[in-house]
Engineer: 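Below is a structure I'd like to ask you about.
One-based numbering, in listed order, for ligands and for the atoms of each.
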Amino acid sequence: MNGLKEGWFSELSSLWPGISLSLQVNEVLHSEKSDYQDILVLQTKSHGRALILDGIIQCTESDEFAYQEMISFLPLCSHPSPKKVLIVGGGDGGVAREVAKHPDVESIVQVEIDSHVLDVSKKFLPFMGAGLTNPKLTLHVGDGFRFMAQHRHEFDVIITDSSDPVGPAVCLFQQSYFESMREALKPGGIVCSQAGTVWANIDIVAQTFQHCHQTFRKASFAYAAVPTYPTGQIGFVLGSLSPETNFKEPLRIFSETELDSFNMNYYSAEVHRAAFILPRFARKALDEIVSNVTDEANTGDR
Ligand code: SAM
């Protein structure tokens, strides 16, 4: 089932049982089945173009900036000098577009499993796909899990912009993936991974946070408001090799003029700080994980 019925697309998934976001569709621009997933590009009535993979909304033209800016700038502004960045997934190109804006970033490596997503984004979603042709970017087509295991002490920041934990992305939510990321980082390195929403997937959030907390010296969780994601939110787990990292306080603060010049419309230092303030039920769920870890040296920072 591709979720299309009577001029509407509905996002149906067992990841959020009993609830579904629907977008009114003007035109189906592209539909195919790649080796990895169903790829659908829609011209919606109210949200511009939308990329759907395996029936799940990846991004819409109207609000993708919120997600792309936050998953990129939360870790980049938490690192003292993010020169070399790895992106895993991110086939639409939006994260590459954002990461390239940071003035300290000299090179970006990206590994995306599905070449068809890259082609479709360049052709139908140029507002994001243009990020894939940035001169700072070296693009690989392959499995991010395998790629990670083959790299040691190479990256300052690793951003995992994966689809949800079904299909090819399942491995990117496992403890062993977090351990591989730790090995692929340079000293003081930072990771940031898409981690679901506290309203619909508190179990996925808690499990992903636990992997991160057990693997890194510092771990934290932040979230952003993105209206076309399930429950209107998406979370990020962040981990650091440095015990000095305080994710809540950005090290690099850009002025309003700089943010305007980067064409950034969601992220700011204030939004960065606020993103780590959790509602009580979510804070308690993550606190429980921290209190279960007896090793004092590995205490989380939320
Ligand atoms: N912002 C989106 C979200 O949270 O819904 C994610 C966007 S991006 C399109 C996700 C990408 O991850 C997809 O293009 C998918 O092909 C890629 N992907 C999934 N599993 C992967 C893996 N094991 N290695 C590399 N890329 C992967």
Engineer: Taking it one step at a time, do F147 and H140 satisfy ring pair (Phe, Tyr, Trp, His ring centres under 6.0 Å)?
Structural biologist: CA-CA 9 Å; F147 184 92; H140 300 269; 5.3 Å; yes

Engineer: Among F262, Y267, F254, exactly one meets ring-ring contact (aromatic ring centres under 6.0 Å, His included) together with H102. Which residue is that?
Structural biologist: F254

Engineer: Which is it for D63 and T228 under the side-chain hydrogen bond (donor to acceptor under 3.5 Å, both in side chains) test, yes or no, and what are the steps along the way?
Structural biologist: CA-CA 7 Å; D63 60 6; T228 57; 2.8 Å; yes

Engineer: Does the side chain of E98 reach to within under 4.5 Å of the side chain of M264, using non-hydrogen atoms?
Structural biologist: yes

Engineer: Identify all N/O pairs between ligand 1 and the protein with a separation under 3.5 Å and present them as a table of atom names and distances.
Structural biologist:
unit_1, atom_1, unit_2, atom_2, d
ligand 1, 1 (N), Q58, O, 3.4
ligand 1, 1 (N), D161, OD1, 3.3
ligand 1, 1 (N), Y229, OH, 2.9
ligand 1, 4 (O), Q194, NE2, 3.4
ligand 1, 5 (O), Q58, OE1, 3.3
ligand 1, 14 (O), E112, OE1, 2.8
ligand 1, 14 (O), E112, OE2, 3.2
ligand 1, 16 (O), Q37, NE2, 2.9
ligand 1, 16 (O), E112, OE2, 2.5
ligand 1, 20 (N), P168, O, 3.3
ligand 1, 20 (N), A169, N, 3.4
ligand 1, 23 (N), D143, OD1, 2.9
ligand 1, 23 (N), P168, O, 3.0
ligand 1, 24 (N), G144, N, 2.8
ligand 1, 26 (N), I113, N, 3.2

Engineer: Heavy-atom distance under 4.5 Å between the side chains of I39 and Q37, does that happen here?
Structural biologist: yes

Engineer: State, yes or no, whether a side-chain contact exists between I204 and P165 at a heavy-atom distance under 4.5 Å.
Structural biologist: yes

